[in-house]
Amino acid sequence: MQRIRLRYTKRGRLRFTSHRDFQRAFERALRRSEVPMAYSAGFTPHPRVSYANAAPTGTGSEAEYLEIALAAPRDPHRLRELLDESMPVGLDIIDAVEARTSGLAERLTASVWELRLEGVEPADAERAVAAFLAAETVEVQRRTKNGIRTFDTRAAVVSLEALPAQADRPLDNACAILRLVVRHLTPAVRPDDVLSGLHVVADLAPPVPAAVTRLAQGLFDEESGTVTDPLAPDREAVTAAPPTAAVAADAKAPEGPAA
């Protein structure tokens, strides 16, 4: 059985796609692409697909990950192309690698987020960021299925900065851009929780909902302070150990005639 790890996006209006909606679209793409999926055992077999740390509905993302198990080997790059062609524009399959290591989910320990705050002056955002970073704890409340929960957002935040205003934006339209690196702790601290924290410490309240995009997620490197590519260990393992003959043959096989 071959395992393939995929990276996909949620762009534009498709950021409002729920995780369940994405699952349905992806399983349709698997059928259309005639992917030889491995199935679970039991009375109701289903394709063996594992999703890892999906972004909340309403947020964009450039770095979502999943893993599929195949009953027959396929070339990961050709498989990515076929799946991407079968997915809606905005839900794009942008990377694929054969899984040669264990523990993909364990390598997703932090995320890099971009928050666009329309109607907020960059100087106001900078003051709020400074107040947030200076605080030892920043408690916020979130409604959960078990009721209202209070938790600290500051401990999960590795870095938070207000970026310079973009030169191509109209001068009469204020817009602050925040770059956030947050650890995946329990309870999970989401970008909207950090915005709530900015409101607590500095009364920062964007007039419209923030446009939030996950730029990366992976293992947090303490030395460099960066979030690393979680698929890199698999690429290195593939380079060290060439693909099987069946996968190589699939990669070299000519494409069939267009339908």
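Side chains included, hydrogens not; waters and symmetry mates left out as well; all remaining heavy atoms used.
Between the side chain of Thr228 and the main chain of Leu219, a donor-acceptor pair closer than 3.5 Å is present. Between the side chain of Ser111 and the main chain of Gln217, no donor-acceptor pair closer than 3.5 Å is present.
Scanning all heavy atoms of the two residues, the minimum distance from Glu106 to Thr109 falls at O-CG2, 3.3 Å. Contact between Ile4 and Arg74 at its shortest, heavy atoms only, is CD1-O, 4.4 Å. Closest heavy-atom contact between Pro73 and Gln2: CA-OE1, 3.1 Å. Closest approach of Cys175 to Arg116, counting heavy atoms only: SG-NH2, 4.0 Å. Closest heavy-atom contact between Arg100 and Ala237: CB-CB, 3.4 Å. The minimum heavy-atom distance linking Phe16 with Gly58 is given by the pair CD2-CA, 3.8 Å.
Here the side chains of Thr9 and Leu91 are not in contact, with every heavy-atom distance at 4.5 Å or above. Under the 4.5 Å side-chain criterion, counting only non-hydrogen atoms from C-beta, Ile93 is in contact with Met87.
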side-chain contact (heavy atoms from CB on, under 4.5 Å) between Phe26 and Leu66, intermediate numbers included: CA-CA 11 Å; Phe26 185 67; Leu66 60 84; 3.8 Å; yes
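Cluster membership check: Leu215 does not share its hydrophobic cluster with Leu163, using side-chain heavy-atom separations under 4.5 Å among Ile, Leu, Val, Met, Phe, Trp and Tyr. Cluster annotation: Ile177 and Val158 are assigned to distinct hydrophobic clusters (Ile/Leu/Val/Met/Phe/Trp/Tyr, side-chain heavy-atom contacts under 4.5 Å, transitive).
Residues meeting the salt bridge (Lys or Arg N to Asp or Glu O under 4.0 Å) test with Arg142, sequence neighbours left out: Asp193. With sequence neighbours excluded, no residue satisfies salt bridge (Lys or Arg N to Asp or Glu O under 4.0 Å) with Arg15. Arg107 pairs by the salt bridge (Lys or Arg N to Asp or Glu O under 4.0 Å) definition with Asp234, not counting sequence neighbours. By the side-chain hydrogen bond (donor to acceptor under 3.5 Å, both in side chains) test, Arg183 pairs with Glu222, sequence neighbours left out. Residues forming a salt bridge (Lys or Arg N to Asp or Glu O under 4.0 Å) with Asp221 (at least two apart in sequence, or on another chain): none.
Screening residues 16-27 for salt bridge (Lys or Arg N to Asp or Glu O under 4.0 Å), with sequence neighbours left out, gives Asp21-Arg24. Contacts classified as side chain to side chain donor-acceptor pair (under 3.5 Å) and involving residues 119-132 (residues at least two apart or in different chains) are given here: Asp124-Arg127. Applying the ring-ring contact (aromatic ring centres under 6.0 Å, His included) test to residues at least two apart or on different chains, the pairs with a partner in residues 31-58 are His19-Tyr51. Applying the side chain to side chain donor-acceptor pair (under 3.5 Å) test to pairs two or more places apart or on separate chains, those with a residue in residues 54-66 are Arg11-Glu62, Ser61-Glu64, Glu64-Arg214. Sorted by first and then second residue, the pairs that involve residues 144-153 and meet side chain to side chain donor-acceptor pair (under 3.5 Å), not counting sequence neighbours, are Gln141-Thr150.
Summarising the hydrophobic clusters (Ile, Leu, Val, Met, Phe, Trp, Tyr; side-chain heavy atoms under 4.5 Å, direct or chained), the residues clustered with Val129 are Trp113, Leu115, Leu117, Val120, Phe132, Leu133, Val138, Val140, Phe151, Val157, Leu160, Leu178, Leu180, Val182, Val189, Val194, Leu195, Leu198, Val200, Val201, Leu204, Val212. Cluster partners of Met1: none. The rule joins Ile, Leu, Val, Met, Phe, Trp and Tyr whenever side-chain heavy atoms lie under 4.5 Å apart, and it links nothing here.
The existence of a salt bridge linking Arg179 and Glu161 is excluded, since no basic side-chain nitrogen approaches an acidic carboxylate oxygen closer than 4.0 Å. Taking the charged nitrogens against the carboxylate oxygens, Arg32 and Glu34 have no contact shorter than 4.0 Å, which rules out a salt bridge.
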